[in-house]
Amino acid sequence: MHTRGKRSGDVLSIAMVGTRGVPARYGGFETAIEEVGSRLAERGHRVVVYCRPTADDGDRPAEYRGMELVHKGALHRRSLETLSHTGLSVAHLLRHRTDAALVFNAANSPYLPLIRAARIPVATHVDGLEWKRDKWKGTGRRYYRLAESAAVRWSDGLIADAQGIADYYRDEFHAETRLIAYGAPRVADESDLLEGLGLRPQGYHLLVARFEPENHVHTIVDGYRRSGATRPLIVVGSAPYADAYTAQVHALADDRVRFLGGVWDQRLLDQLYANAFSYLHGHSVGGTNPSLLRAIGAGAPTLAYDVVFNREVLGAAGGYFTTEDDAARVIERSEADPAGHPARREATRQRAAAYDWDDVADKYEALCRDLADGVQVRSRRPFTAQRIGAERPRLTGEAVES
């Protein structure tokens, strides 16, 4: 089904391309697709999600929460997995056109000309500053920088999930974006599963992250080790391609640090968030982070690495650190004021109120309707997409008012 001139209230067909798909088991893109796609499907729209199966997926359902699922494989090499899967997905999309397409991850921008040549209007969710991730060096980093330029040049619309990302594209390219953040889930105050881990409510600090240098797991663990904290640090997460970094993090820990690895039981993970004395968040390059939003949705008082993305979410409700010594100080400060914990929880929950999945779905629906209607989503598209801004974007927190 592919029609143009959609009116408000008409049914749209929308393709979501470029992620691992749903059910969401991995990261922010997949969570956004599940939460937004299911809501759009509930409103009567046809939502087609392209999924990347793994060897242990088992059944590959054709439908999930009202969304149609199309399963396409990939080359199982880190540098080619995303691009190969998206290429197969786009080949299918060209034969089964939709009213609008949402492509997630600027790395997939080489396929945008094919989508537009098929007269499918397309918006790209550009994600964070992927080229700053330590795992991308040399050719990989140059590719991501070029992919950003290609996304600016070839997209009918650009989506940013944080004001800091929107500012980056404005400063670097004079490119406007639609600012659509993620939602913060409302996490129940339950604790019955903690006993199985030997934990009690408000009796521990929590860190949840993939083990990557730009997530500053090493900074938090080392900072905690330098602190006089009496509550243990519970670390959830791992990384399949980062054995050396994982070993480095483990070497920095003392006997107060407990590594749980990946926790795939969502109810247990939610209880860990909801009952943490503090949540330590070290992510620095990915825009608005779903782990941070889940933490504030659970009311976990949060101590975050000091970048603009984290200040945008937390404002004055957060504590901030940059170095290991900073982390030690904010951890000690939080433990020194246990009586202030309820007030910190309430302030954190209030920040979560600004991140509502229904509002997010409204904004995606409006964007897709504009795309399908041929509304000029962007005021201008450059003939080329040369960088005009600074080589190093502004990322520090002082640019955001709390």
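This one's a predicted model, so the numbers in the text were calculated from it and none came from an experiment.
Put simply, CD1 on Ile331 and OG1 on Thr230 are 11.5 Å apart, with the number rounded to the nearest 0.5 Å. The CE atom of Met16 sits 11.5 Å away from the CD atom of Glu34 when rounded to the nearest 0.5 Å. Taking CZ from Arg119 and CG from Leu94, the interatomic distance works out to 14.5 Å, rounded to the nearest 0.5 Å. Atoms OG1 and NE2, from Thr322 and His216 in turn, are 8.5 Å apart once rounded to the nearest 0.5 Å. To the nearest 0.5 angstrom, Arg231 atom CZ is 5.0 Å from Glu335 atom CD. Taking OH of Tyr224 as the reference point, atom CZ of Arg256 lies at 4.5 Å (rounded to 0.5 Å).
Pairing each heavy atom of Ala229 with each of His205, the nearest pair is CB-NE2, 4.4 Å. Closest heavy-atom contact between Ala151 and Ala106: CB-CB, 4.2 Å. Taking each heavy atom of Asn289 and His281 in turn, the nearest pair found is OD1-CE1, 3.2 Å. Across all non-hydrogen atoms, the minimal contact from Pro110 to Tyr143 is CG-OH, 3.2 Å. Between Arg178 and Asp370, the shortest heavy-atom contact is NH2-OD2, 2.7 Å. Closest heavy-atom contact between Leu75 and Ser84: N-OG, 2.9 Å.
Side-chain atoms of Asp99 come within 3.5 Å of backbone N or O of Ser13 as a donor-acceptor pair. When atom types are taken as modelled, the side chain of Ser278 and the backbone of Pro301 share no donor-acceptor pair closer than 3.5 angstrom. Asp373 places no side-chain N or O within 3.5 Å of a backbone atom of Val375 that could act as its donor or acceptor partner. Thr177 contributes no side-chain N or O that, together with a main-chain N or O of Ala160, makes up a donor-acceptor pair within less than 3.5 Å. The backbone N or O of Gly198 lies less than 3.5 Å from no partner atom in the side chain of Arg200, so there is not a single donor-acceptor pair. Between the side chain of Glu190 and the backbone N or O of Gln271 there is no donor-acceptor pair closer than 3.5 Å. Between the side chain of Ser284 and the backbone N or O of Glu214 there is at least one donor-acceptor pair closer than 3.5 Å. Using modelled atom types, one side-chain atom of Arg351 and one backbone atom of Val313 make a donor-acceptor pair closer than 3.5 Å. Remark: side-chain polar atoms of Arg345 are paired, donor with acceptor, to backbone N or O of Ala274 under 3.5 angstrom.
Residues Leu199 and Arg258 are in side-chain contact: their nearest non-hydrogen atoms beyond the backbone lie under 4.5 Å apart. Residues Ile14 and Tyr364 are not in side-chain contact: their nearest non-hydrogen atoms beyond the backbone lie 4.5 Å or more apart. For the pair Leu272/Leu197, a side-chain contact is recorded, criterion being any heavy-atom separation below 4.5 Å from C-beta on. Under the 4.5 Å side-chain criterion, counting only non-hydrogen atoms from C-beta, Arg43 is in contact with Asp362. Looking only at side-chain heavy atoms (C-beta outward), Val152 and Val126 stay at 4.5 Å or farther from each other. Looking at Cys368 and His45, their side chains never come closer than 4.5 Å, going by heavy atoms from C-beta outward. Side-chain contact between Leu40 and Val36 is present, with heavy atoms from C-beta onward closer than 4.5 Å. At a threshold of 4.5 Å between non-hydrogen side-chain atoms, the residues Ile180 and Val360 count as touching.
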Dump the intermediate steps for side chain to side chain contact (heavy atoms under 4.5 Å, CB included) on Arg116 and Asp156, then the final yes or no.
CA-CA 9 Å; Arg116 295 185 65 240; Asp156 295 302; 3.4 Å; yes
Going through the checks in order, is the salt bridge (charged side-chain N to carboxylate O under 4.0 Å, His left out) test met by Asp359 and Arg39?
CA-CA 10 Å; Asp359 292 340; Arg39 284 168 170 78; over 6 Å; no
What's the verdict on salt bridge (charged side-chain N to carboxylate O under 4.0 Å, His left out) for Glu324 and Arg225, showing C-alpha distance, side-chain angles and the deciding distance?
CA-CA 9 Å; Glu324 290 81 359; Arg225 179 182 58 82; over 6 Å; no
For Lys363 and Leu179, what are the C-alpha separation, side-chain angles and deciding distance, and is it a side chain to side chain contact (heavy atoms under 4.5 Å, CB included)?
CA-CA 9 Å; Lys363 292 176 180 177; Leu179 179 58; over 6 Å; no
Where do Leu158 and Glu176 land on the side chain to side chain contact (heavy atoms under 4.5 Å, CB included) test, with the steps shown first?
CA-CA 7 Å; Leu158 297 173; Glu176 66 278 15; over 6 Å; no
Salt bridge (charged side-chain N to carboxylate O under 4.0 Å, His left out) between Asp222 and Arg226, intermediate numbers included
CA-CA 6 Å; Asp222 195 12; Arg226 299 182 190 197; 3.1 Å; yes
Stepwise side chain to side chain contact (heavy atoms under 4.5 Å, CB included) test for Val236 and Tyr273:
CA-CA 11 Å; Val236 175; Tyr273 278 115; over 6 Å; no
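Partners of Glu346 according to the side-chain contact (heavy atoms from CB on, under 4.5 Å) rule, which considers only residues two or more places apart in sequence or in another chain, are Gln350. Looking at residues two or more places apart in sequence or on another chain, you find a side-chain contact (heavy atoms from CB on, under 4.5 Å) between Ala209 and Leu207, Asn215, Val217, His283.
Remark: the Thr86 side chain and the Asn108 side chain contain an N/O donor-acceptor pair separated by less than 3.5 Å. Between the side chains of Tyr50 and His92, at least one donor-acceptor pair of N or O atoms lies under 3.5 Å. Inspection of the Asp326 and Thr323 side chains reveals an N or O donor paired with an N or O acceptor under 3.5 Å. Of the N and O atoms on the side chains of Glu312 and Thr288, not one donor lies less than 3.5 Å from an acceptor on the other residue.
Between Phe321 and Tyr305, the ring-plane angle classifies as perpendicular under the 30° and 60° cut-offs. Ring orientation note: the planes of Tyr182 and His125 are close to parallel, at an angle under 30° on the 30°/60° scale. Aromatic ring pairs are classed by plane angle as parallel below 30°, tilted from 30° to 60° and perpendicular above 60°; the pair Phe211 and Tyr245 is perpendicular.
The residue from His71, Glu30, His85 that alone fulfils the side chain to side chain contact (heavy atoms under 4.5 Å, CB included) condition with Arg52 is His85. A side chain to side chain contact (heavy atoms under 4.5 Å, CB included) with Tyr320 is found for one member of Leu314, Leu303, Thr302 and no other, namely Leu314.
Heavy atoms of other residues, nucleotides or ligands lying less than 6.0 angstrom from CZ of Arg267 number more than 12. More than 12 heavy atoms of other residues, nucleotides or ligands sit less than 6.0 Å from atom CD of Glu63.
Salt bridge absent: Arg333 and Asp337 never bring a charged side-chain N and a carboxylate O closer than 4.0 Å.
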